[in-house]
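Step one of this worksheet: look at the structure below.
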Amino acid sequence: MPNSFYILMIPLLPLAGFIMLGLFGRKYFKNTSGVIATALLLASTLLAFYTAYGYFFEYGKVDGVYQKLVPLTYHWLEFTKTLTIDIGVILDPISAMMLVVVTFVSLMVHIYSLAYMKGEERFPAYYAFLGLFTFSMLGLVMAANIFQMYIFWELVGLSSFLLIGYYYDKPAAVAACKKAFIVTRFADLGFLIGILILSFYSGTLDFKTLISALTSPESSALKTATAASFLGISALTWGLVLVFVGGAGKSAMFPLHIWLPDAMEGPTPVSALIHAATMVVAGVFLVARLFPVFAISAPEALHLVAYVGAFSALFAAVIACTQTDIKRVLAYSTMSQIGYMMFALGVSKYSGEDGLGYTAAMFHLFTHAMFKALLFLGAGAVIHYVHSNEMKDMGGLRKYLPITHITFLVACLAIAGVPPFAGFFSKEEILLAASRNSSTIYYIALCTSALTAFYMFRLYFSIFWNKEAHAHGEHKGEGGFAMMLPLVLLSVGAAAAGFIPFGHYVSTDGKALESEFHLSFSIAPVVLGLIGIFTAMWLYLKQNDKPGKIAGSLNGFYKIVYHKFYIDEIYVFITKKIIFNLIGRPAAWFDKNIVDGLMNATGNTTALISEKIKGLQSGKVQQYGIYFLAGVISMAILFIYLWK
Amino acid sequence: MNLLLLLLIPLVTALAVLLMQNKQQVRWAAFIGAIMQLVLAVLLYACYRTARLGGQTAAFLFEKKYNWFPDWNISLHFGVDGIAIAMILLTSFVVIAGVLVSWNVEKMTKEFYFLLLLLSLGAYGFFISLDLFILFFFLEIAVIPKYLLIGIWGSGKKEYAANKLALMLMGGSALVLVGLLGMYFGGAGKTFDLLQLSTVHIPVATQRICFPLLFVGFGVFTALFPFHTWVPDGHSSAPTAGSMFLAGISMKLGGYGCLRVATYIMPEGAKEYANIIIVLSSIAILYGAFATMMQKDLKYINAYSSVSHCGFVLLGIGMLTQTAITGSVLQMVSHGLMTALFFAVIGMIYERTHTRQVEDMGGLLKVMPFIATVLFIVGLCSLGLPGLSGFVAEMTIFVGSWQNADAFHRIATIAACMSIVVTAVYILRAVGRTVMGPIRESYVHLTDARWNEKLAAIILILGILAIGIVPSWLNELVKPGAAIIMQKIEAIK
Amino acid sequence: MSEFITIMKSELMVTAIIFILLFIKLGKGIKNEHLLAGIQILLLLNFAAGFFMNFEASLFDDMYQTTPLIAFQKNILNLGMYLISLLFADWFKKTDHLAEFFILMLSALLGMFLLLSSGNFLMFYLSLELATIPVAALANFDLQKKISSEAAMKMILSSAFSSGILLFGISIMYGVTGTISFAALPALLDGSTIQVLALVFLFSAFAFKLSIVPFHLWTADVYEGAPFAVTSFLSVISKGAIAFVFVSTLYKVFQPMHTVWYNMVMVLAILTMLVGNLFALRQQHIKRFLAFSSIAQVGFILVGVSSNNDTTGIPSVVYFILIYVFSNLAAFGVAAVIASHWGKEKIEDYRGLYRSNPFLSWVLALALFSLAGIPPTAGFFGKLFLLTSGASNANYAFIGIAALNMVISLYYYLRVIRSVFMDKNENPVTPITIDPYTKLGLIICAAGIVLTGVLSPVYDYIVSLLQVN
Amino acid sequence: MHPGLNEILIISTTLFFIGVYGFFTRRNLVTMLMSVELILNSVNLNFIAFNKYLWPHKLDGLFFTIFIIAIAAAEAAVAIAIIINLYRSHQSIDVENAEEMKY
Amino acid sequence: MSGLLAVTTRSIFRAAIYLLFALIGIAGLYFWMAYEFIAAVQIVVYVGGIVVLIIFSIFLTQQSGEKLPQQRLGRQLFAALAAFCGLALIMVQLYQHDFIGSPETATAPTVVNIGNQMLGTEVGGYALPFEVVSILLLAALVGCIVIASTSNSPKRGEIPITKPKPLTN
């Protein structure tokens, strides 16, 4: 077992950064905050690498199987004797891998931002938020307890909110951050209820025991969970589906994806970190974390995962082809790629060769983190240069931004699945897993793959080729060393990560899985990818009217796609018209008029009665006498005859 | 540790305030008194911890009994358990914050602080009472200060609101009174003593009558649907400290009463009516949340959200599991701190912008970063973000509720869970509109919080964080109390 | 003979004061201020003397009886009398007939003492008249005011009518049982319908004096028309005395018929509280307001009476009356001060009072809170004990109605509070210099309101008095 | 021949209610006072009758009557004084004119 | 019965005279029942005192010939109804009840007996009520003097206009 202290430092260092900069940044670290945060994160990254190294190569493997280690727990909150939140650190292949990814990408973004965000008024706040995010994301990936995961899940959502809303005086940013938070929150509701269901049946919140309770066929927890049913579906499946809903929200799966494109209102490095590399894959990570339960006990839920993932992949790819805002293209691309990972998990089975999808998904997650972060950072460099997100403002930038150009190209090749870049390998495995399991999904995946290549290169050509560029004003160059270093490092990753024998380290059951190559199998995707690339080249290499024509010929469809299938509008309709008008407004009205009205009516009635009976007090002494006698007589009658 | 100190300090402070010569002295006297309260409360917690660790197992510690009206078997019987200590801590936090944010009340300062301190006296007395009569006594003591605070220092429809509040609360306490009398005669032979009443078995027929009386009576205090309508009006019209005390302390009296008096003494009654409680509180949670969405005034937003949040308290009680009950106490504490802070911030904003309408604001983060950040934090706490107290409380309630396996409880729990989304919607809407967005021309010159406001906010935030980050201390504090209540309920299963 | 003096000392004291005043009146005129001071000293002495040498005894063939409790009740009345002499000093100093005023008032007080001690219906009737007729004359003491004589007229006629009813009831009772002695009566009661009839008649007469709905109608008019001192005498002292007698008569004399009168009490209590509250809601005039509020208070007293339990019912009623003396007198005292300085008796005229006269406002607030039963004022304890003793019959609907009525009553008390503390007044009033006597009276009242409740020995003392016999 | 108890009771009760009726209907204060006297007289009659026919061993009823008569006199005196005072201020002794205070 | 006339006639003076007759009639009944002392008191006090007082006050306040204003018919009916209900109720009750008298020998209502008891303090003595009544009459006297005396004059100590004469004591 490792000495646990330093593992703890991995998340705590960024947290320290957050606290320090959050509290005192404005006053004391106005300019130095970036450096401080970066230094802290560098330390943290090194520790993370060290930990991962240690896990993978020193103590993680026992008898050829990677173990789930829980080196640290802290008794945080005890609901009941068994249901407790023990905040802890779990070490297993995926968490170790994620540690590396998160810290590394985060570090890149930190460094990149030193230049990119320079001169911002809320510079310390920015780094504080980044620190908070890194802390939360690390907490999430290391969570040993499903509730701990939920906690950090929420915190990640918060930091995402904060960073999207970084430019708080821009109404669009405010709207976007709210949207992101609320949509994911809605999904989290599913996650939460899922947790409640799972924990109720398994009697624990701890991942290790929870998984073992819900997977071993003889456990009573599993039996009751599958026996109990609601709407004909077993409780366990419900639980897992709901958990997946949570994951889908964070990972922007259809139909909960709407927040992701809008989230691009945040600073671009943030998009790179959160909305491309790390946070959005949390859903995938969540499913992967609970994968044994999915795979062994509730394959139906896994099917859902597969189909949702596949559909999202294709859906997002189609939309990405029509968008003109480069960050939005990347956002839809992200969604599409995550869809890939999801269905890869969905088509996987537990153990051995059948678990290829799982490995592939994780692998893709890893490579995707590299090239997508790279893409975003590259895009950031571009935006930094042209001060615009729109493709029409760009073109021919290869001369002015050479390093960016190259690294961007690497990333595009990687995502398009061109060998030997990283994306090729991971995608290949996914397709293989899909083809073994379900042909529908396989064809969707192929299709998506081609589209991916197309829209990425559409992007690439539009930015760097197309029309001839003119120099953009005062600041030339690419933002200096701080911005270029991450690009270069990441492009190395994007180029070379594919050669890591991923299956050795990450697999469903912890045993090594040999990645295999079938050249014949690879031909189809690669060819399709190349077709996509060349189509894009044909259309966008030079400025011409072909795209417009094509768009025109596909008029109706194009419009629908351009408007992202009107999903946003549907949401607006549901929220504004239905939730607000049909529930909120009536509730408020009901409260004001009926409930409160009743309360007030009680008062008014009293006053009214009081007014009505004032005639009793007529001021006439004789009438008083009559009432007196009437009182006597009625009392006499009452008590003599009626009430004995 | 003599619990009488908890009564003496506010009393002495209140009297001292009356004797002071000028406004500045009044403020400092009140402030010092509030600090002493806080110190005392913390000390009490420490003593309690020590005593428990030292192996004291009695349900209530530091018990003291002084005869008072012996002919009625009434005595000044004081004692605390974890739940009470939690509430006392809450009160002391809110009091000190309330004193601080009222620093620049210029109108009848002396009276203002006097009433605040009187209110705190009522709250402390209520929480430490082990005799139902004095419990009721303190409950009612706390009503009139609220009325005056709203009526004199309030704004808007203050008279209407003050009246409504006073009448509804008194209506509630009238029901409580009848219920208490029922216990007195129907219980352990003419006694108001909580401990004695808890040891005997009260006839089920009596419980059937008294439980709803007590529960609804206390429920009015804690915004039980449909008796919550005093909440929006009362809170929105009250002065800042008044709203803080109302929502932070006063509403908790009701929840505490529901738990300590109604549920603890009458387990059968609780079981019998649990489903109704659950239905009502689920309605309150969702309906309050939806109603909040439509509000435009910041105070109304917080008031309606209080309805929703207090619904959790009652839901937790209605669920009748140990975890849920613990959760509802946590929720009380959490909501108390949070809502007090929320009102404090609203007060600070209002003082500067002279509006509470969400539409009229925007971009306040630019000119008052501190206030804006606090508003943001409190909003996050309200929507149950981990690391802040709201999360801990709500999750405990959810987990506790979920332990009831039947469909009815499940649906209620899910309904309650749904509110976290709605909460997010209205909180972000409110916070987004006020703090974020472009700033208005007329607000550019506004200034950030002063020292007293900062201190108040920091104290409350510390409380929120202390629960949110390290919840186990509070959980461990409250749990034995909940366990005792549950023992009685489980005994009848 | 000396025994006779100690037994009847309270009556004799009062008679002595009456005669002293009579002689003073016959002699040369003394300035009002001096006379008033003298009267106050005498009344204080009288009050002080009431604490000593109280024991159980009876005289005149049981026509006169006394117990420590009765002595205490008398002393509560003495206290009230003393407070009245303090509180309305302004008015006393101005009046033309100070000595006569006190002669009449003390005669009425004497009537009440005898009423408390009466041992048969004859004494009962006589002392009741003695307690009423002078007050009717007193009601007319604002000789220039039309409403004053109207009030007196209403009072004398309706009370004559009610004594007619009372006497008719007594005559039937006499006819059926052949005795007019309280001691002999219980054994002869069998609950036959004619006895119920007689009881109803008697009960109505009580109800009239206590202004229980529907026999209350004279109350508000008389209160409004009469001078403040008389109004407060009527509402506090006569009502207190009658309430004491009412309880002991029901408990001791009509004990065999308690099932019948329990129902009567319950029905009338509900009616009284409701009607009193509903009327009080809409009053603008402070005296009428206090009149209806005191009607509602009587409803609460009835709740306590309904308990039919010596050890809870009687002490709680006595205790409540003691508190009620303080509270109501304080309220009337403040109202009188304001009326005599501003000539204003409308509630709306009280707006902004707090700004100019914080002392008066606080006393008024205390008094009203006490009347409303808000802790920590004594009224809270008083009301709560009444309700508690009422609840001993486990009739929760009844108690519930009573408790809800407390809420209604709170509403109108708060109305006054609101005027005083919250409303703004365009022409703010100047601060009033309060007469030192009045101030002393108000302070005593306020102290009484606060201390009587919190200090439980007061209540214990009342119970201990009860347990002597 | 002596009248029987029942006859006397009938007479007295009737007289009582005649008095009551008069009290309710006469608008003149003095006549209202006279009605009250009728009521008191009927009660007196009752007492005497009961004393005579049922409980002759003691003279309770008789004494009661004597005292009632005395009180009636005093009451009448005060009432008339008040009425005269009212007449001075209102210039009328019609009861309908003295209803300034109401509601 | 003249009592009925007394309450219905519209002339106030006639009403007083009818009242006189009613009172005398009652005195007659007392005679008839052999309670002569009471009959005498009745005639002395009522006929000689109260009625004279009433007539006196009538003279003071009103012209004797003036017709009394009629009460509203509704009120009259209602009053009659209420009175009749009461009458019927009581009659029924009295009629249903069997009055059982005391078998003991009667004490003769002679003046001697009455006098002795009236001022006796022992068993059966009525000294205390007697004193009470005297105080009451004194108080009534004082009250009357004040009320009837100076209402229109601000000065005090003036001689009263009307001085009702106390009839006993």
Side-chain angles (χ1 to χ4, degrees), chain B residues 11 66-72 74-76 108 110-111 118 121-122 125 133-134 136-144 147-148 150-154 158-159 162-164 166-186 190 192 205-206 209-210 213 217, chain C residues 311-312 315-316 319 354-355 358 362 365 368-369 372-377 380-381 383-385 387-411 413-415 417-419 421-423 453-460 462-464 466-467:
Chain B
L11 189 65
Y66 308 92
N67 269 350
W68 206 39
F69 296 105
D71 305 295
W72 292 107
I74 293 167
S75 51
L76 290 168
M108 302 204 266
K110 194 182 276 188
E111 288 83 349
L118 200 62
L121 172 74
F133 181 87
I134 50 171
F136 182 71
F137 173 76
F138 285 115
L139 178 71
E140 290 224 329
I141 276 195
V143 173
I144 289 303
Y147 173 79
L148 292 174
I150 296 178
I152 300 177
W153 291 273
K158 58 179 183 179
E159 278 152 19
N163 252 329
K164 190 167 179 178
L167 291 179
M168 289 192 69
L169 293 190
M170 284 307 274
S173 63
L175 296 180
V176 169
L177 172 61
V178 180
L180 289 187
L181 293 179
M183 320 252 19
Y184 181 71
F185 290 105
K190 300 202 180 174
F192 282 116
T206 312
I209 299 170
C210 291
L213 285 171
Chain C
T311 51
T312 59
S316 60
Y319 184 61
Y354 184 71
R355 292 296 171 79
W362 278 122
L368 293 180
F369 284 146
I374 304 284
T377 57
F380 170 79
F381 298 94
K383 265 196 186 158
L384 214 61
F385 292 160
L387 293 189
T388 312
S389 32
S392 59
N393 291 312
N395 193 341
Y396 296 120
F398 177 37
I399 302 302
I401 291 173
L404 287 178
N405 267 293
M406 280 175 75
V407 181
I408 304 181
S409 73
L410 181 68
Y411 173 76
Y413 290 122
L414 286 182
R415 227 183 76 209
I417 300 284
R418 187 168 75 189
S419 286
F421 284 92
M422 302 175 193
D423 291 348
V454 182
L455 297 180
S456 69
V458 177
Y459 186 81
D460 297 343
I462 296 172
V463 176
S464 73
L466 192 74
Q467 280 151 357

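Chain letters run A, B, ... following the sequence lines, proteins first and then strands; every chain starts at 1. Keep in mind the model is a prediction, meaning the values are calculated, not measured.
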Exercise. CZ/Phe69(B) to OG/Ser456(C) distance, rounded to the nearest 0.5 angstrom?
Worked result: 5.5 Å
Problem set entry | Ile417(C) CD1 to Asn163(B) CG distance, which is reported to the nearest 0.5 Å | 11.0 Å
Exercise. With chain C, which of Leu180(B), Leu139(B), Leu181(B), Leu118(B) has the greatest number of heavy-atom pairs at distances under 4.5 Å?
Worked result: Leu181(B)
Exercise. Relative to chain B, which segment of Phe380(C) carries a heavy atom at a distance below 4.5 Å: side chain, backbone, both, or neither?
Worked result: side chain
Problem set entry | Residue part contacting chain C, namely of Ile144(B), when any heavy atom lies under 4.5 Å | side chain
Exercise. Looking at OG of Ser389(C) and CH2 of Trp72(B), how far apart are the two atoms once the value is rounded to the nearest 0.5 Å?
Worked result: 4.0 Å
Exercise. Which atom pair, heavy atoms only, marks the closest approach of Ala166(B) to Leu414(C)?
Worked result: CB-CD1, 3.6 Å
Problem set entry | Minimum heavy-atom distance Cys210(B)-Met183(B), with the two atoms named | SG-N, 4.1 Å
Exercise. Side chain, backbone, both or neither: which part of Ile408(C) has a heavy atom under 4.5 Å from chain B?
Worked result: neither
Exercise. Do Phe192(B) and Phe136(B) make the cut of ring centroids closer than 6.0 angstrom?
Worked result: no
Exercise. Of the non-hydrogen atoms in Val407(C) and Ala174(B), which two are nearest, and what is the gap between them?
Worked result: CG2-CB, 3.9 Å
Exercise. Tyr147(B) versus chain C, heavy atoms under 4.5 Å apart: side chain, backbone, both or neither?
Worked result: both
Problem set entry | Atom group of Leu177(B) that falls short of 4.5 Å from chain C, counting heavy atoms | side chain
Problem set entry | Segment of Leu148(B) engaging chain C (4.5 angstrom heavy-atom cut-off) | both
For this session: Please flag which part of Tyr319(C) lies under 4.5 Å from any non-hydrogen atom of chain B: side chain, backbone, both or neither.
Result: side chain
Exercise. Where on Thr377(C) is there a heavy atom nearer than 4.5 Å to chain B: the side chain, the backbone, both, or neither?
Worked result: neither
For this session: With a 4.5 angstrom heavy-atom cut-off, could you sort out which part of Ile141(B) is near chain C: side chain, backbone, both or neither?
Result: both
For this session: Below 4.5 Å from any heavy atom of chain C, which atoms of Met108(B) appear? Answer side chain, backbone, both or neither.
Result: side chain
Seminar exercise, completed: Across all chains, not counting sequence neighbours, the ring-ring contact (aromatic ring centres under 6.0 Å, His included) partners of Trp153(B) are Phe112(B)
Problem set entry | Partner chain C: residue of Gly182(B), Ser173(B), Gly122(B) with the largest heavy-atom pair count (under 4.5 Å) | Gly182(B)
Seminar exercise, completed: With chain B, the option among Leu404(C), Thr311(C), Val454(C) that has the most non-hydrogen atom pairs under 4.5 Å is Val454(C)
Problem set entry | Heavy-atom pairs under 4.5 Å with chain C, option from Leu169(B), Val178(B), Leu167(B) with the top count | Leu167(B)
Problem set entry | Closest heavy-atom pair and its distance - Ala402(C), Leu387(C) | CB-CD2, 3.7 Å
Problem set entry | Top contributor to chain B interface from Ile399(C), Asp460(C), Asp423(C) [non-hydrogen pairs under 4.5 Å] | Asp460(C)
For this session: Give, as side chain, backbone, both or neither, the part of Phe369(C) having an atom under 4.5 angstrom from any heavy atom of chain B.
Result: side chain
Exercise. Looking only at heavy atoms, which two atoms of Ser409(C) and Lys383(C) are closest? And how far apart?
Worked result: OG-NZ, 4.4 Å
